[in-house]
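A short worksheet on the structure shown next.
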Amino acid sequence: MSHVDLVDDVREVGTAVLETLAAHIETARTGAGEVVSSADIDTVAKRLELRRWIEEGGMTLPELLSFVTTYSDISAGHHHPGYMAHQIAPSDTPGVVADLLQAMTNNIPLVYELAPAAAAVDRAVCRWMLDNVGWGATGLGAMTNGGTLGNLTALLAARSHADATAWRDGNPGDLVIFAPATSHYSVRKAAAVMGLGERGVYPLRTDALGRIDPAELEPALAEVRAQGKRPVAVVANGCATGTGLYDPIAEVAQFCEVNGLWFHVDGAHGAAALISPRHRGLLAGIERADSTVWDGHKMLRTSALCTGVLFREKRYLDTMFKQDASYLYRPEAEDVDPGQYTFETSKAPLGLKILLTLAYRGEASLRSYVERQYGLATDLWELIQERPDFTAPYQPQSNILCFRYEPWGDRQLELRSRLIQDGRFYLSSFALGGRPYLRAALMSPTTDRQTLNDLLEVIVKVAEA
């Protein structure tokens with residue numbers, strides 16, 4: 001294909017695909033169609049004609065558009081008002097443009113000279129995040145692909161802080177991470193990858209809702225030290241994935257300061273409260289932590305994946321990821337080569353999604369989105385208080401709420417399956433205190449209070465069907 005043919009092809013195909021996707025989003029926003037398909041994977045493969053396209057190729061533009069339509073229809077509809085399952089943002093124009101721009105330029109900000117615009121954007125976005133946390137003067141941040149890699153990166157830095165020889169010589173075998181059972185599973189995954197094993201995570205005692213109990217921190221530390229083990233870090237939720245509740249960050253920070261422990265806040269979902277004066281207090285004390293992660297593809301409405309891993313002090317990373325790669329890294333470019341501060345080597349310029357969102361929508365728009373979605377969870381909680389057949393174990397602090405339809409007792413997961421089959425709403429679930437709950441993560445900007453009232457009505461109808 002010639003250069004001219006390529007340009008014409010991109011114009012024709014790109015225009016047609018964008019129009020098809022825009023029509024799909026427009027339909028989803030009205031609440032039409034299923035929120036998510038309940039078809040099995042073999043049925044989906046047949047509808048998409050996957051075997052044909054892999055073996056034969058030859059897809060024409062009309063066939064491509066048909067594939068795009070079918071793929072979109074089968075996918076979870078994040079723009080649908082009934083989407084309430086997981087913490088994934090409904091895509092917005094700036095993120096779409098960022099993904100398109102990256103697809104066309106295909107720049108990789110491993111080293112500055114390879115992608116100067118991308119590296120500059122990533123650094124600027126990290127500084128915006130650091131400023132919001134309170135680390136703008138001393139901190140360092142990098143963009144990475146998701147909270148799992150972000151937590152791993154932060155905990156690797158914590159391990160280097162606890163034992164400076166670990167990166168070079170390997171895990172010494174006596175290290176342990178403190179975290180509540182409600183912490184994201186990526187914390188246990190990171191411990192396993194680091195060689196501590198999943199049992200290298202000491203489960204901190206919590207209250208009935210899974211929040212760290214500060215009074216139990218001292219006994220936990222004494223127990224671990226009596227076993228001859230050294231703590232790597234204390235991990236707190238800001239907020240917890242399952243419940244949307246925030247740990248008492250300031251009290252945990254005080255304990256860590258007194259005992260010389262690394263403090264990591266998993267703010268993948270809830271750090272966005274920092275941009276809201278109304279909700280910022282939920283993260284009071286985060287500026288006293290040593291590291292945090294913050295996902296853009298959740299409450300900042302970027303496309304996936306887009307995460308900032310942030311450190312209070314640049315020096316924390318001095319013993320991490322140092323590799324002999326003279327074909328890439330130059331000592332004089334250390335401060336501008338992003339690849340020296342992330343686990344990945346090749347990756348997209350993820351900060352572009354946040355930068356364009358801030359530029360195109362404005363921080364005030366993001367603030368309004370956070371406050372609106374957090375408020376919706378309170379709306380749902382209030383509606384539940386009016387109905388004796390529903391219960392919620394706590395008043396929400398974010399846009400996440402666990403609740404139960406009590407006539408079904410511990411059959412909430414069966415009820416959830418029925419709801420998905422019905423097609424109008426999509427909820428997730430969570431086990432709290434050993435009991436199953438329905439779980440709403442209110443992400444769609446098309447969801448409103450009436451939608452929530454409809455949800456409760458549909459649950460009753462589905463249960464009685």
Quick one: pull up [atom1] in [X] and [atom2] in [Y] and give me the separation to the nearest 0.5 Å.
X: T378; Y: Q397; atom1: OG1; atom2: CD; result: 10.0 Å
X: C256; Y: I249; atom1: SG; atom2: CD1; result: 11.5 Å
X: L356; Y: L101; atom1: CG; atom2: CG; result: 7.0 Å
X: D290; Y: L310; atom1: CG; atom2: CG; result: 12.5 Å
X: S429; Y: R404; atom1: OG; atom2: CZ; result: 12.0 Å
X: L300; Y: S365; atom1: CG; atom2: OG; result: 11.0 Å

Practice task
Mind running side chain to side chain contact (heavy atoms under 4.5 Å, CB included) on V97 and Y360 for me, showing each step along the way?
Solution key: CA-CA 11 Å; V97 173; Y360 191 75; over 6 Å; no
Exercise for the section: Please report the C-alpha distance between R416 and L438 in whole Å, then the side-chain angles of each, then the deciding distance to 0.1 Å, and finally whether the side chain to side chain contact (heavy atoms under 4.5 Å, CB included) criterion is met. Expected result: CA-CA 7 Å; R416 174 180 177 270; L438 300 173; 3.8 Å; yes
Taking [X] for the side chain and [Y] for the main chain, is one N or O donor matched with an acceptor at less than 3.5 Å?
X: Y394; Y: C402; value: yes
X: T302; Y: G296; value: yes
X: R159; Y: M194; value: yes
X: R372; Y: P445; value: yes
X: N132; Y: W128; value: yes

Exercise for the section: Could you tell me how the ring of Y83 sits relative to the ring of H78: parallel (under 30°), tilted (30 to 60°) or perpendicular (over 60°)? Expected result: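 Rings of Y83 and H78: perpendicular, as their planes differ by over 60°.
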Practice task
Could you check whether the rings of H86 and Y426 sit parallel, tilted or perpendicular, using 30° and 60° as the cut-offs?
Solution key: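 Perpendicular, since the angle between the ring planes exceeds 60°.
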Could I get the full list of side chain to side chain contact (heavy atoms under 4.5 Å, CB included) partners for [X], not counting sequence neighbours?
X: S75; answer: Y71
X: T241; answer: Q87, H184, R439
X: P407; answer: D389, Y405
X: S398; answer: C239, Y246, Y374, I400

Practice task
Check salt bridge (Lys or Arg N to Asp or Glu O under 4.0 Å) between E363 and all other residues, then give those that pass, not counting sequence neighbours.
Solution key: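 Salt bridge (Lys or Arg N to Asp or Glu O under 4.0 Å) check on E363 returns R367.
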[X]: which of [options] passes side-chain contact (heavy atoms from CB on, under 4.5 Å):
X: S91; options: H297, R301, H79; answer: H79
X: T447; options: N399, L380, L452; answer: L452
X: T292; options: F311, W135, F263; answer: W135

Exercise for the section: With sequence neighbours excluded, tell me which residues meet side-chain hydrogen bond (donor to acceptor under 3.5 Å, both in side chains) with R411. Expected result: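 Result, side-chain hydrogen bond (donor to acceptor under 3.5 Å, both in side chains) vs R411: E414.
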Exercise for the section: Sequence neighbours left out, what passes side-chain hydrogen bond (donor to acceptor under 3.5 Å, both in side chains) with S276? Give chain and number order. Expected result: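 In terms of side-chain hydrogen bond (donor to acceptor under 3.5 Å, both in side chains), with neighbours along the sequence ignored, S276 is linked to E371.
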Is there a side-chain contact between [X] and [Y], using heavy atoms and a 4.5 Å cut-off?
X: V462; Y: F425; value: no
X: Y369; Y: M299; value: yes
X: L455; Y: L419; value: yes
X: C306; Y: I354; value: yes
X: L350; Y: T307; value: no
X: Q227; Y: V176; value: no
X: L427; Y: I459; value: yes
X: V234; Y: L221; value: no

Problem - Stepwise side chain to side chain donor-acceptor pair (under 3.5 Å) check, D448 with T451 - result: CA-CA 5 Å; D448 57 20; T451 309; 2.7 Å; yes
Handout entry: Charged N-O contact under 4.0 Å between R387 and E457
Key =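 Here R387 pairs with E457 in a salt bridge, since their nearest N and O are under 4.0 Å apart.
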Closest non-hydrogen atom pair between [X] and [Y], with its separation:
X: P214; Y: P248; answer: CG-CG, 3.8 Å
X: L283; Y: G238; answer: CD2-O, 4.0 Å
X: A179; Y: V201; answer: CB-CG1, 3.9 Å

Exercise for the section: Just do the side chain to side chain contact (heavy atoms under 4.5 Å, CB included) check on L442 and D379 with the steps written out, would you? Expected result: CA-CA 11 Å; L442 300 163; D379 287 345; over 6 Å; no
Handout entry: Summary of ring pair (Phe, Tyr, Trp, His ring centres under 6.0 Å) pairs that have at least one residue in residues 196-244, sequence neighbours excluded
Key =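 Sorted result for residues 196-244: F178-Y202.
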In residues 205-213, what donor-acceptor pairs under 3.5 Å come from side-chain atoms, sequence neighbours left out?
residue	atom	partner	partner atom	Å
D207	OD1	L209	N	2.9
D207	OD1	G210	N	3.0
D207	OD1	R211	N	2.9
D207	OD2	R211	NE	2.9
D207	OD2	R211	NH2	3.2
D213	OD1	A215	N	3.1

Handout entry: Contact list for residues 178-193, test salt bridge (charged side-chain N to carboxylate O under 4.0 Å, His left out), sequence neighbours left out
Key =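 Checked against salt bridge (charged side-chain N to carboxylate O under 4.0 Å, His left out) - neighbours excluded - no pair reaches residues 178-193.
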Problem - salt bridge (charged side-chain N to carboxylate O under 4.0 Å, His left out) partners of residues 237-265, not counting sequence neighbours, each pair once - result: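 Salt bridge (charged side-chain N to carboxylate O under 4.0 Å, His left out) check on residues 237-265 returns E257-R288.
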Handout entry: Steps toward side chain to side chain contact (heavy atoms under 4.5 Å, CB included) verdict (V460, F390)
Key = CA-CA 10 Å; V460 173; F390 287 88; 3.9 Å; yes
Practice task
Check D122, D295, D99 against K353 for a salt bridge (charged side-chain N to carboxylate O under 4.0 Å, His left out) and give me the one that passes.
Solution key: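 So, applying the salt bridge (charged side-chain N to carboxylate O under 4.0 Å, His left out) to K353 and each of D122, D295, D99, only D99 qualifies.
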Identify all side-chain donor-acceptor contacts of residues 144-152 below 3.5 Å with residues at least two apart in sequence or on another chain.
residue	atom	partner	partner atom	Å
T144	OG1	E344	OE1	2.9
T144	OG1	E344	OE2	3.0
N145	ND2	E344	OE2	3.0
N151	OD1	H264	NE2	2.8
N151	ND2	G147	O	3.4
N151	ND2	S186	OG	3.0
N151	ND2	D266	OD2	3.2

